[in-house]
2 protein chains.
Amino acid sequence: MRRAAPDKRPYHHGDLREALVQAGIDILTEGDLAGFTLRECARRAGVSHAAPKNHFPTVDHLKAEIGARGFEQMHRVLAAAADAALSQSADARLIAMGKAYVRFATANSAAYKMMFRDRDSFERTPHYVVAAEAAWVQLGEAVAAVIGVERGDVDARAAHVFALVHGFASLVIDGRLPPGLETDRVIAQSLASLPAALRGLGTP
Amino acid sequence: MRRAAPDKRPYHHGDLREALVQAGIDILTEGDLAGFTLRECARRAGVSHAAPKNHFPTVDHLKAEIGARGFEQMHRVLAAAADAALSQSADARLIAMGKAYVRFATANSAAYKMMFRDRDSFERTPHYVVAAEAAWVQLGEAVAAVIGVERGDVDARAAHVFALVHGFASLVIDGRLPPGLETDRVIAQSLASLPAALRGLGTP
DNA sequence: CATAGGTTGTTTACACTGTCAAGATTTATG
DNA sequence: CATAAATCTTGACAGTGTAAACAACCTATG
């Protein structure tokens, strides 16, 4: 068994797979999505450019793994936001989660892009699929708590919420909203109207 | 003055700039966003790989031009949708535009991605800026017609609409909504609730 | 324990990309 | 017409992802 940080870099890295993932996350944290490169990850891990092949057959596999971790982290952030609002109403919890969603996306814009962009080019690894699915389930539960479980069609309402928060997140990240707009206030306003809108949805 | 399609390619190319743009649009129409390459555009225009430099200093300039045209085309599509619903209420027109928006985005997914993705890497050419701005203005007008011009804060409501349709478009394009979901019906439902939600926005 | 086999890295190579510099060719202009 | 400007070609360079051949290390089996 080899320790993680031996004194003299042995031939084998020790935990190259994890080092590559971490290097990739570091690059994204620096906000340099274009700088995300398989060779650069290898470079940061202190390894030759072809070494990653043993752990990730393709750069898309690495992207899928990092994207999966992004979903997992977002899941934790949303769960924490919901927990913090546990004493409040289901409406307040959903709103808190919506705010946390947009905040996470904008604070980790490069990672967020990697989570959503180019999904087709990802080999859909099981890890990625499971992590992305969990986000959907989490959202559906919060929506169900708002509209009441007996009212069917939770998915349609969850899609409404998903579209709204993902839309805001994308627009803010890409700087697509007009410069003068107070995005925080606008988003808070839209989210505040969400529970009522969900209850009215599909019932004219 | 030279015509667009002379019989014998008299100038070096005649209209290389336009040919490059068209080649790029063709690639996107084929849905192959990854295949969009400056060299491939040059290839399709029947010209050497470095020829584009005279018309587009950088590949991002070509992307910006194509993105601008995408915004222009979308503007026409939305205007047509609004015109077709001219005899109906402002609510109906906004809903029609929303549907047309999502339909355009999903039917031209590669072009839509080029319009929105990587905006930072675009040299922000005047053409692109103007075209993108026009889309925002168009949306704001439709929203203003719904809520009444006297009620201020049109931008906040326009942002709400923009986020919703862009969110749906992005999620559909990236296949992010659950497989079983009837997206057409769900989106129609969400859009139907939009005018009422806009009127209630910000007025508790 | 020795050794055969599999795992992990390195080296080298290839096709591809965007960009640049130098030259050739065609058009426009004084 | 002669000269300048615009346009295109050729060739080069640094990057990229991926593949194949080889080397070093680990491990399990005889």
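- Pairing each heavy atom of H75(B) with each of Q138(B), the nearest pair is O-NE2, 3.1 Å.
- Between R43(B) and dC16(C) there is no side-chain polar atom (N or O) within less than 4.0 angstrom of OP1 or OP2.
- Contact check on D91(A) versus R199(A) returns a salt bridge, with a Lys/Arg side-chain nitrogen under 4.0 Å from an Asp/Glu carboxylate oxygen.
- Taking only side-chain nitrogens and oxygens, K53(A) comes nearer than 4.0 Å to OP1 or OP2 of dA19(D).
- Using a 3.5 Å distance cut-off with no hydrogens or angles, the side chains of Q189(B) and H160(A) do not pair a donor with an acceptor.
- When the side-chain nitrogen and oxygen atoms of T58(B) are compared with OP1 and OP2 of dT19(C), one or more of them lie within a distance under 4.0 Å.
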N/O to N/O distances under 3.5 Å, protein versus nucleotides 10-13 of chain D:
| unit_1 | atom_1 | unit_2 | atom_2 | d |
| --- | --- | --- | --- | --- |
| dG11(D) | O6 | H49(B) | NE2 | 2.8 |

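- Between R76(A) and D83(A) there is no salt bridge, since none of the side-chain N atoms of the basic residue sits less than 4.0 Å from a carboxylate O of the acidic one.
- Using a 4.0 Å cut-off between charged side-chain N and carboxylate O, R157(B) and E141(B) make no salt bridge.
- In this structure, CZ of F56(A) is placed 12 Å from P of dT8(C), rounded to the nearest angstrom.
- The side chain of L16(B) approaches dC8(D) more closely than any other nucleotide in the set dG18(C), dT8(C), dC8(D).
- With respect to the salt-bridge test (charged N to carboxylate O, under 4.0 angstrom), the residues E133(B) and R176(A) do not qualify.
- Between L20(B) atom CG and dG18(C) atom C1' there is a gap of 14 Å when expressed in whole angstrom units.
- Distance from the side chain of H55(A) is smallest for dG9(C) among the nucleotides dC8(D), dG9(C), dT18(D).
- Put simply, CG on L38(A) is 7 Å from C1' on dG17(D), counting in whole angstrom units.
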